[in-house]
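Before I ask anything, here is the structure I am working with.
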Amino acid sequence: MRQLTFVRPMSVEWRESPDPVITGPLEAILRPLAVARCDLDAAIITGRAPAATPFGMGHECAGRVLAVGSDVRQFKPGDLVALPFEISCGTCTACQAGHSATCTGVGPGSMYGLGNIGGEGWGGAFAEAVKVPFADHMLVRIPPGVSPAQAACVGDNLADAWRAVGPPLREEPGGMVLVLGGAASSIGIWAAELAVRLGAGQVTYLDSDPERLALAEAAGAEPMQGPAPRRLGPYAITVDASGQPEGLAAAIRSTAANHSCTSVSVYWADPSIPFMYMYSRNVGLRTGRVDSREAMPTVLDLIAARVIDPLRIARLVDWESPGEWAASTSPKVVATREV
Ligand SMILES: [Zn+2]
Ligand SMILES: [Zn+2]
C-alpha cells in the first residue's frame, strides 16, 4: 500500500509499505479518510524536531473500520471512528486510571506516525490503511453530525487544547485565561477558543503571528501582539503553546498564586523555569502528553454540540496533494478523501 513518508526536511512522498493485516484477536484495520497535521508534524517537516528519516507520517486520523479480529466486540467493518495518536492497551493500571499516555502495556511513548520519536513499527496514518492493536479500547465512535475531517483533529491537538483549559475552568468557573500562542499553533488557538466557549471570565491570546492572532480574536479572545513580556496578569489559568523558553517562563510568571500553568509545548532541550517565582507563590507546572483516549469522547461531544468547530481554523486539502498538507503555513491542515 501507499504510505506518506517523511523523507527529509520539507520533503514528503508516497512510498510503498506492506499492507497491515490482522494477526491478533483484539486488532482492527482502519481506512483513514481524514488526516490532520499535528503541530508537531509541522515542526518535524521544517526540521525543528529531531526525527530520524524516513518514516510514515500522520497521527491525527479518523476513518472507517475495514476489518476486525475475532474478539473485537464494539466495532464492525464500516463503522466511522476516530483514532487516538497514542497506542494504549486499555487494561494496564495506567489505562484503567485514564492515563492512556503512560500505558505500560506497550513501549513508552508509543505513537503513530512519528518514527523513532514514537517507537518503531506503528506506521503512519497518512496511508491506505492503519492497524489498531487494541480496537475495542482505542477506537472512538464518531457521533452523528461530526465529519471525519473534524474528528481527525480530536485524537491529539484538540484534546490537548481541551485538557489545558477545560478541567481548570471546571475547577474555577469564570476564571481569567492567558494563552501564549506560537509553535503549538492549532493547540494555542483552540485553547483560547475553548476557554471563551466554556465560560472563562476573559481570555487573552498573546502571539507575534498576525494570522493566529486574527483567528483567536474571531473566536472571542483578546488579542495581544508581540513577544512575551516578562509577566502579565496574574491569571488563574495560563497555557504555554509558544514553544519558546521565554514564553514558558512568561506563562509561569503570569500564573496566579496557588494555581498551575499548563505547557502543551515540546522542548527538546530542557528550558530554564522561574523556580523561585513558583516556590514563593505556590505556582505549579503541568506538562506531558495529553491522555488523548480519555479526552476524546468529551471533545467529540463538544464538536457535536457545536461548542467548537475545529475546521474553522483549518485548511482542507485533497488526499492526493500531500505536499500541500506538509508545506502549508496554515495553523491547521486536514487532508481528506471520499468514503
Ligand atoms: Zn501530535
Ligand atoms: Zn495500558
Side-chain angles (χ1 to χ4, degrees), residues 4 6 12 24 26-27 32 34-46 48-51 55-62 82-119 122-126 130 132-140 151-164 182-191 241 243 262-268 287-296 299 310 313-314 325-326 330-335:
L4 188 73
F6 176 63
V12 294
L26 302 177
E27 297 172 356
V35 175
R37 191 185 69 188
C38 171
D39 299 346
L40 180 55
D41 288 332
I44 290 170
I45 289 163
T46 51
R48 289 179 284 130
F55 63 87
M57 282 207 100
H59 62 271
E60 295 197 348
C61 157
L83 184 67
F85 75 109
E86 294 152 329
I87 319 292
S88 64
C89 74
T91 53
C92 72
T93 306
C95 281
Q96 289 288 304
H99 299 309
S100 53
T102 46
C103 172
T104 56
V106 292
S110 292
M111 297 176 274
Y112 290 109
L114 287 162
N116 61 313
I117 298 171
W122 302 108
F126 207 143
V130 63
V132 183
F134 306 99
D136 274 340
H137 162 66
M138 287 179 62
L139 295 177
V140 183
C153 302
V154 170
D156 182 3
N157 287 173
L158 191 56
D160 210 350
W162 177 81
R163 65 94 179 238
S185 57
S186 70
I187 304 174
I189 299 167
W190 283 334
T262 302
S263 178
V264 297
S265 302
V266 181
Y267 293 100
W268 304 104
T287 189
R289 297 186 311 148
V290 58
D291 290 317
S292 57
R293 175 59 186 86
E294 178 76 358
M296 285 171 69
V299 177
I313 70 163
W325 180 88
S330 286
K332 196 72 188 177
V333 189
V334 186

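Whatever order the structure lists them in is the order used to number ligands and atoms, beginning at 1.
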- Sorted by chain and residue number, which protein N/O/S atoms are under 2.8 Å from the Zn ion (ligand 1)?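 Listed by chain and number, the atoms are Cys38 SG, His59 NE2, Asp156 OD2.
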- Message: Ignoring hydrogens and geometry beyond distance, is a side-chain donor-acceptor pair present between Asn157 and Ser186 at under 3.5 Å?
- Response: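 Distance-only check passes for Asn157 and Ser186.
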- Taking side chain as C-beta onward, heavy atoms only, is Trp122 less than 4.5 Å from Val130?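 No - every pair of side-chain heavy atoms lies 4.5 Å or more apart.
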- Message: Tell me every residue that passes ring-ring contact (aromatic ring centres under 6.0 Å, His included) with Trp162, counting only those two or more places apart in sequence or in another chain.
- Response: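 Testing Trp162 for ring-ring contact (aromatic ring centres under 6.0 Å, His included), a comparison that skips the adjacent residues, returns none.
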- Message: Test of understanding: with ring-ring contact (aromatic ring centres under 6.0 Å, His included), list the residues that count as partners of Phe85, not counting sequence neighbours.
- Response: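 Phe85 satisfies ring-ring contact (aromatic ring centres under 6.0 Å, His included) with His59 only.
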- Item | Heavy-atom check, side chain of Trp190 versus side chain of Cys153, under 4.5 Å |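 Yes, their side chains come closer than 4.5 Å.
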- Item | Arg289 with Glu86: basic N within carboxylate O range, under 4.0 Å |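 Salt bridge flag = yes for Glu86 with Arg289.
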- Task: With 2.8 Å as the limit, jot down which protein N, O or S atoms are around the Zn ion (ligand 2).
- Result: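 Protein N/O/S atoms under 2.8 Å of the Zn ion (ligand 2): Cys89 SG, Cys92 SG, Cys95 SG, Cys103 SG.
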- Hey, does Pro133 have a side-chain heavy atom less than 4.5 Å from the side chain of Leu26?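 No; the side chains remain at least 4.5 Å from each other.
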- Query: What distance do Asp156 atom CG and Asp39 atom CG have between them, rounded to the nearest 0.5 Å?
  - Reply: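 Interatomic distance, Asp156 CG to Asp39 CG, rounded to 0.5 Å: 8.0 Å.
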- Quick one: pull up CE in Met138 and CD1 in Ile87 and give me the separation to the nearest 0.5 Å.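 Here the interatomic distance stands at 4.5 Å.
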